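Being a predicted model, the structure only gives us computed values, none of them experimental.
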Amino acid sequence: MKDLTKGHEGKMIFYFAVPMILGNFFQIFNTLVDSVIVGNYLGKSALAAIGSAFPVIYALISLVIGISAGISIVISQYYGAKDLIKVKRAIDTAFIFLFGASAFIGIIGIIFAPNIFSYLRLSQEAMNDAIIYIRIYLSGVVFMACFNGVMGILRGLGDSKTPLYFLIITSISNIVLELIMIVWLKMGIEGAAFATIGAQVIGFTISIIYLNRTHALIKLKFFKMVFDREIFKLSLKIGLPSGLQQIFVALGMVALIRIVNKFGTDAMAAYTIAGRIDSFASLPAMNFSMALASFVGQNIGAGSFDRVKRGLRYTILMSGAVAIIVSIAIGIFADPLMRLFTTDANVIEIGSHYLWVVCTFYLIFTLMFMYTGVLRGAGDTIIPMFITLFSLWIIRIPLAVFLSERFGIVGVWWAIPIAWALGMIASFIYYRTGKWKSKRVIKSTTINTDPDYL
């Protein structure tokens, strides 16, 4: 655990963000290898199936992700205020919620999977694979949700190195399991799903064993957990808008897939591959934003608003420089990167166009994430929710429909960065109002460190 309320702001955020970037590098690298294996051994139809399944999975668990993020912010601010009893109770509350909510959502997704993919206009050749994949995946969604809960809690407490080690383990496990199940055992799309779930089970099991042996504060005693209603209400106040925001994002991805699917399996396969590469490229921005949110949470809990502003300035400089380098690299190597996943010329061409369009705007995307990182860390999540609603559903989706009818699939690609730009402008304007300063969750810095409770 690390106290982010002391020391040079830029260095603290940098050293906190680097393990997060490396950890998510392994996660995204894992998804890229997953796409390479599926694309080369199972074909573009399987790629389209998995590409359609992921946004649906994200949509189903997005509310859970948002509320658990709210709990993480509460944990961060309690830790900044040195109220360790409340930290422990918030951790217990987080796990009880994650287990129950993810189990319920998994059951709903398994039952209604065919209806969902029919709505998405998925081609028949890809639909059967998508239904099989998502049903197997959701059967183990509890492990995925709780494992990500562990990651969020540790980051809220200022520990970004331990999640890195866990993510490395799960990424390597997933790749090995996929090679065994797809290449060796010839299990097809089922093998891809079982490999993902198996890796999450391994990661969650190892993380729980490690935490129970090394961290007195976050030791998980499953039969002694306490669900704190007041902390959960506080978490809902922050997390519900974040959860709704995640739902808007997820449904926006689903709506975009519905539009892309009109252009056929090649377009969906290209979007799946290019989207994985795009996720890899946008990784630094998202991780700097998460690091900044944890930094802001602790410092607002300690009442250090000047450190928050300096932290934002340093984070923009660091993440902006990375965004420019990544934009240049993706622009140059878009075509060779697509060729790693498929030999289909049409798929490569469509995906390369996507990358050339979006890579030009990575700096805009990065700035948007930095400002929302400050707002999330402060506990101000309602306005960002409305900004997301505006940029996705008032701008991106209608614009994608309009432009695709006139310019084809390339029109869909242009709608994405235009929405980023407007979202960034709105986030910057709201940040400049300073209203986020009044959204501090922890109003008192009473120190509560009773060791008997821990």
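- Within the structure, the side-chain hydrogen bond (donor to acceptor under 3.5 Å, both in side chains) test picks out the following pairs touching residues 166-195 (sequence neighbours left out): N30-N174.
- The side chain to side chain contact (heavy atoms under 4.5 Å, CB included) with F288 is formed by just one residue from the set V18, T315, L283; it is T315.
- Looking only at side-chain heavy atoms (C-beta outward), S289 and Y371 stay at 4.5 Å or farther from each other.
- In terms of heavy-atom proximity, C359 sits nearest to I330 at CB-CG2, 3.7 Å.
- With contacts defined as side-chain heavy-atom distances shorter than 4.5 Å, the pair F147/M144 does not qualify.
- Between atom CD1 of residue I395 and atom CD1 of residue I416 there is a gap of 14.5 Å, rounded to the nearest 0.5 Å.
- In this structure, the side chain of R406 engages the main chain of F402 through a donor-acceptor pair within 3.5 Å.
- A ring-centre distance under 6.0 Å is not found for Y165 and Y210.
- Side-chain atoms of M127 and S118, non-hydrogen and from C-beta on, do get closer than 4.5 Å to each other.
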Quiz item: What's the verdict on side-chain contact (heavy atoms from CB on, under 4.5 Å) for D335 and I348, showing C-alpha distance, side-chain angles and the deciding distance?
Solution: CA-CA 7 Å; D335 195 74; I348 292 169; 3.3 Å; yes

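- Using a 4.5 Å heavy-atom threshold, the side chains of F365 and V358 count as separate.
- Of all heavy-atom pairs between S352 and M338, the closest is OG-CG, 3.7 Å.
- Counting heavy atoms from C-beta on, the side chains of L177 and F194 never come closer than 4.5 Å.
- Using the six-membered ring where Trp is involved, F204 and F95 have ring planes that are tilted, between 30° and 60° apart.
- Side-chain contact between R396 and I418 is absent, with no heavy-atom pair separated by less than 4.5 Å.
- The environment of CD1 in I382 is sparse: at most 12 heavy-atom neighbours from other residues, nucleotides or ligands sit within 6.0 Å.
- Cation-pi geometry between R276 and F341 is not satisfied (NZ or CZ under 6.0 Å from the ring centre, within 45° of the ring normal).
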Quiz item: Passes side-chain contact (heavy atoms from CB on, under 4.5 Å), M187 versus I182? Steps please.
Solution: CA-CA 5 Å; M187 291 177 64; I182 295 177; 5.9 Å; no

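- Listed here is the closest heavy atom pair of G331 and W356: O-NE1, 3.2 Å.
- Between the CD1 atom in I131 and the CD1 atom in I136 there is a gap of 12.0 Å [rounded to 0.5 Å].
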Quiz prompt | Steps toward side-chain contact (heavy atoms from CB on, under 4.5 Å) verdict (I316, L312) | solution = CA-CA 6 Å; I316 286 176; L312 172 62; 3.9 Å; yes

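- Minimum interatomic distance between Y133 and A53 (heavy atoms only, all atoms of both residues): CD2-CB, 3.8 Å.
- Ring orientation note: the planes of W436 and Y431 are close to parallel, at an angle under 30° on the 30°/60° scale.
- For OH of Y41, the number of neighbouring non-hydrogen atoms (other residues, nucleotides, ligands) closer than 6.0 Å is 12 at most.
- Residues F295 and F16 place their aromatic rings such that the two centres sit no closer than 6.0 Å.
- Heavy-atom minimum distance, M368 versus M424: N-CG, 3.6 Å.
- In this structure, W414 has its ring center at least 6.0 angstrom away from the ring center of F407.
- What you find for I50 and V38 is that their closest heavy atoms are CD1-CG2, 3.8 Å.
- Under the 30°/60° scheme for interplanar angles, the aromatic rings of Y354 and W413 are found to stand perpendicular.
- Summarising the geometry, atom CE belonging to M385 is positioned 5.5 Å from atom CZ belonging to F248; distances are rounded to the nearest 0.5 Å.
- We find the CG-OG1 distance between L292 and T372 to be 9.0 Å, quoted to the nearest 0.5 Å.
- D278 is linked by a salt bridge (Lys or Arg N to Asp or Glu O under 4.0 Å) to nothing, counting only residues two or more places apart in sequence or in another chain.
- Contact annotation: the side chain of R307 approaches that of R310 to within less than 4.5 Å [non-hydrogen atoms, C-beta and beyond].
- Here CD1 of I134 is found 12.5 Å from CD1 of I132. Values are rounded to the nearest 0.5 Å.
- Heavy-atom neighbours of F143 CZ from other residues, nucleotides or ligands within 6.0 Å: at or below the threshold of 12.
- Residues Y271 and L256 have side chains in contact (heavy-atom distance under 4.5 Å, counting atoms from C-beta outward).
- One distance of note links CZ of F117 with CG of N261; it measures 10.0 Å at 0.5 Å rounding.
- Of the listed residues (T272, D266, I273), just one forms a side chain to side chain contact (heavy atoms under 4.5 Å, CB included) with T342, and that residue is I273.
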Quiz item: Going through the distances and angles, do L375 and I383 end up as a side-chain contact (heavy atoms from CB on, under 4.5 Å)?
Solution: CA-CA 9 Å; L375 303 181; I383 297 301; 5.6 Å; no

